[in-house]
Amino acid sequence: MDIAAVEAKVIEVVVKVLKISADKVVPKAHFVKDLGADSFASIELVAAFEVAFDIEMEEDAALSVKNVGDAVKFIKKACDEQGK
Amino acid sequence: MQVVVFEDAKFDNLYPLTYMRPTFMLKCGHTMLYEKIVRRFKGTKVTYIVRAMIAAFMKEKMGSDVINNANQIKSEDTLFVNGALLLTADIKLELNGGEEIAVAANGDVIYARANKATVAKAYDADITKMLSNLKTALKKAVSEAYLVEWPWNLVQKNPFAIEDDFKVIGKGGVIEGNLHPMASVLGDKKNLYIAKGADVQPFVCIDVTAGPVIIDEDVTVFPFTRIEGPNAVGKKTQLFGTNLRTGSSIGPVCRVGGEVEDAIIHGHSNKYHDGFLGHAYLCEWVNLGAMTTNSDLKNDYGPVSLIVKGELMDTGDGKVGCFIGDHTKTSIGTLLNTGTMVGMMSNVVGNGGVAPKYIPSFSWMMNDRFFKAQKSMETAKYAMGRRKCAMGVEEEKYILALKDMLKEDVKYWVRKTTVL
């Protein structure tokens, strides 16, 4: 999966889980400060990314990702490593 | 002559209770299953056979010389005893008496007595193969002994096991600790044992009319607690205005309040607050948040089913509560359905409704959805540290191996409940 496809899907998942409009989901958007993701929502996001991309993510590392751009890179790396 | 307590291949019938302990370390009555065996054969060398996966952890906990020690096992005439055996006083089991093997109707070996030569010939590191070899080599004997096969069996047998432990301990009527003059005992005090250091405070009612009560060393029973025998309260446990109804075994080192009936609670677990716990089994380091309540009776009074090894199983029993693995926590207001299985190191967050009947190990359950557990090891270590206990090196490795073993189960439930 190329980086653009990963980014599009990340935005789609974030919009659905956090119930926000897509225009807010920009690379520099901070999950907590800008998008309002509390600790529960962060856990929901990790689960949703795993299901959407059919990947496994190490929980602590995934939860340490702070913004959308880093999430796209993190998930792209996981997809590449897991052959998705 | 030596005794070898073995865990047979059915340990997984007893998950999640046996994730963190061999079958013989399950609690039934005031003592664990193996303690009843050790007590019967006091003065005799006892070693243990456990599944390979848990061996290093058990060696760390009990000593390397007593776990899966093949040389020791082959070195003497041996009485092999199934660790699932509920060895009560009425069960005939002799250390000496010639070679024989007692097999239950379902084929499970209850005990086998064999001389050194037979043991050496039958020995196999695979317990199932060794038992098969012993079955071939030894003459059959009849035994009425009871083997625990399913988690709810422990709860069913608990009142009887408490009464048996009380008789075997033989301290009925002994008051070594403090029984405040304004505490009341209903019934014959011969049915009560209060060990040294225990403190039963004013306005406590201990009802021994229907069965005995054991209050072990350094227990504190705070005012307005009612204890109805048979009941066994383990060392250093604290009861806070508890309505402790019949058939419960608690502790050591537990803090218990609210209403408890026919429940087994392993050491270091807490149910401090109000809420009902009935026909239930809690492993070690469990914490139930305030108002956590489980159902143990269906509204149609029918038999209770629960999930065992991934399949819904009819217990045939109308009174079955919950079974909760080690280190699991529930939030305030958690409601558990009749016959709920909760794995180990999970976090169950109540949302006002009744939680699912199966909650996998190493998971978080929130809003009827499952997630992979976060920081469960750190939480467990912190909780142990609060009681001045430390997680062993092998214990941690074993937990991580269990987490890996069970990851597909968690993944299945996360994906099943994550809707995009």
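These figures come from a predicted structure and were not determined experimentally. Order of the sequence lines fixes the chain letters, A, B, ..., with proteins taken first and strands second; residue numbering starts at 1 for each chain. The basis for the numbers below is simple: all heavy atoms, side chains too, and nothing from hydrogens, waters or symmetry mates.
Atom CD in E59(A) sits 10.5 Å away from atom CZ in F362(B) (nearest 0.5 Å). Taking CZ from R369(B) and CD1 from I43(A), the interatomic distance works out to 11.0 Å, rounded to the nearest 0.5 Å.
Residue K28(A) places its NZ atom among 12 or fewer non-hydrogen atoms of other residues, nucleotides or ligands, all under 6.0 Å distant. Under a cut-off of 6.0 angstrom, the local environment of NZ in K407(B) is sparse, with at most 12 non-hydrogen atoms contributed by other residues, nucleotides or ligands. Residue D2(A) qualifies as enclosed at atom CG: its count of foreign heavy atoms under 6.0 Å is above 12. Other residues, nucleotides and ligands place no more than 12 heavy atoms under 6.0 Å from the CD1 atom of I332(B). Atom CD of E311(B) sits in a sparse spot, with 12 or fewer heavy atoms from other residues, nucleotides or ligands closer than 6.0 Å. Enclosure of atom CZ in F74(A) by more than 12 non-hydrogen atoms of other residues, nucleotides or ligands within 6.0 angstrom is indicated. Atom NZ of K24(A) sits in a sparse spot, with 12 or fewer heavy atoms from other residues, nucleotides or ligands closer than 6.0 Å.
Proximity to chain B involves both the backbone and the side chain of E44(A), based on heavy atoms less than 4.5 angstrom apart. In this structure, the portion of K411(B) lying under 4.5 Å from any heavy atom of chain A is its side chain and not its backbone.
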Using the rule given for side-chain contact (heavy atoms from CB on, under 4.5 Å), can you reason through V51(A) versus K416(B), listing the C-alpha separation, both sets of side-chain angles and the distance that settles it, and then say yes or no?
CA-CA 9 Å; V51(A) 172; K416(B) 189 173 177 173; over 6 Å; no
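With a 4.5 Å cut-off on side-chain heavy atoms, F40(A) and V349(B) do not count as touching. For the pair V46(A)/Q374(B), no side-chain contact is recorded, criterion being any heavy-atom separation below 4.5 Å from C-beta on.
Closest non-hydrogen pair, I55(A) versus R415(B), comes out as O-NH2, 2.9 Å. Nearest heavy atoms, A48(A) versus T418(B): CA-CG2, 3.9 Å.
A donor-acceptor contact shorter than 3.5 Å is absent between the side chain of K372(B) and the backbone of E58(A).
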